[in-house]
Amino acid sequence: MKAQTLHVVGFGFRREATLASLAQALDQLAEQYGAIYQYGAGAIDKLAAARSMLPLVEELGRLRNIEVITVADAELPTVTTLTHSAQSLQARGTGSVAEAVALIAAGPGATLLGPRIISADRQATAALALSEVPEGITE
């Protein structure tokens, strides 16, 4: 059975973040990893957020026509992340909410393409995780 690569973008953000903060972080992430990761071209398959942070990411998903995966907040501390924000550790028990969410949502064996990126207004972060999914399986 042939495998396909699943690309999941996880988000973390402050209460003050706006939809524009998340959209800019997503665009910056797509730009950083090149045209093959542009949303809308099928390369970013899903967006993901912790349950407590879901509404804003769902809104972005609706606007960009990308499915959103929910991750349980309690799972965040179970993931080892590439970056380690003291604020994130204190608030959520993980070094990077975006990285943890992306890895959990992408599933077992997922890897990060790189460390999270930070939006220009410093209110949101986004990270891209990849996982191999056997053909015919959607999640």
Side-chain angles (χ1 to χ4, degrees):
M1 187 180 287
K2 191 174 169 187
Q4 63 184 10
T5 303
L6 178 67
H7 303 81
V8 178
V9 175
F11 288 93
F13 51 91
R14 296 178 180 185
R15 285 186 188 94
E16 300 83 16
T18 63
L19 181 60
S21 302
L22 271 67
Q24 192 277 323
L26 179 60
D27 292 341
Q28 184 180 335
L29 186 74
E31 183 178 311
Q32 179 173 328
Y33 292 112
I36 62 167
Y37 292 105
Q38 293 292 327
Y39 57 87
I44 294 179
D45 300 301
K46 299 179 186 210
L47 305 180
R51 182 166 304 285
S52 64
M53 304 171 96
L54 195 58
L56 202 54
V57 177
E58 283 181 324
E59 189 174 347
L60 179 61
R62 278 192 297 278
L63 288 172
R64 301 288 176 95
N65 199 30
I66 304 172
E67 182 183 344
V68 177
I69 299 171
T70 305
V71 171
D73 290 69
E75 289 185 66
L76 298 177
T78 68
V79 179
T80 301
T81 59
L82 296 176
T83 57
H84 303 285
S85 158
Q87 184 175 354
S88 181
L89 278 168
Q90 182 180 17
R92 302 287 179 156
T94 185
S96 167
V97 172
E99 291 174 12
V101 165
L103 286 167
I104 294 166
T111 57
L112 292 168
L113 199 57
R116 63 165 167 54
I117 59 94
I118 302 170
S119 64
D121 65 5
R122 304 197 57 79
Q123 299 301 308
T125 59
L128 179 60
L130 310 176
S131 65
E132 296 296 321
V133 179
E135 197 171 281
I137 296 179
T138 58
E139 281 189 28

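Reckoned from all heavy atoms, side chains included, excluding hydrogens, waters and symmetry mates.
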(request) May I ask you to check whether over 12 heavy atoms, not counting those of Q87, lie within 6.0 Å of atom CD? (result)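 Result for CD/Q87: open.
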Separation of [Y] [atom2] from [X] [atom1] (nearest 0.5 Å):
X	Y	atom1	atom2	answer
L19	R62	CG	CZ	9.5 Å
Q123	L22	CD	CG	10.5 Å
I117	L128	CD1	CG	10.5 Å
R122	E16	CZ	CD	13.5 Å

Whether [X] side chain and [Y] backbone form a donor-acceptor pair below 3.5 Å:
X	Y	value
S119	A124	yes
E99	T81	no
T78	E75	yes
T70	R51	no
Q24	A120	yes
S131	A106	yes
T5	E132	no
D73	A50	no

Less than 4.5 Å apart, any side-chain heavy atom of [X] and any of [Y]?
X	Y	result
V68	L54	yes
F11	V101	no
R64	L26	yes
V97	M53	yes

Going only through I, L, V, M, F, W and Y residues with side-chain contacts under 4.5 Å, is there a path from [X] to [Y]?
X	Y	answer
L113	I66	yes
L76	L82	yes
L56	L47	yes

(message) I'd like to know if D121 and R14 make a salt bridge, using a cut-off of under 4.0 Å between side-chain N and carboxylate O.
(response)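 Salt bridge flag = no for R14 with D121.
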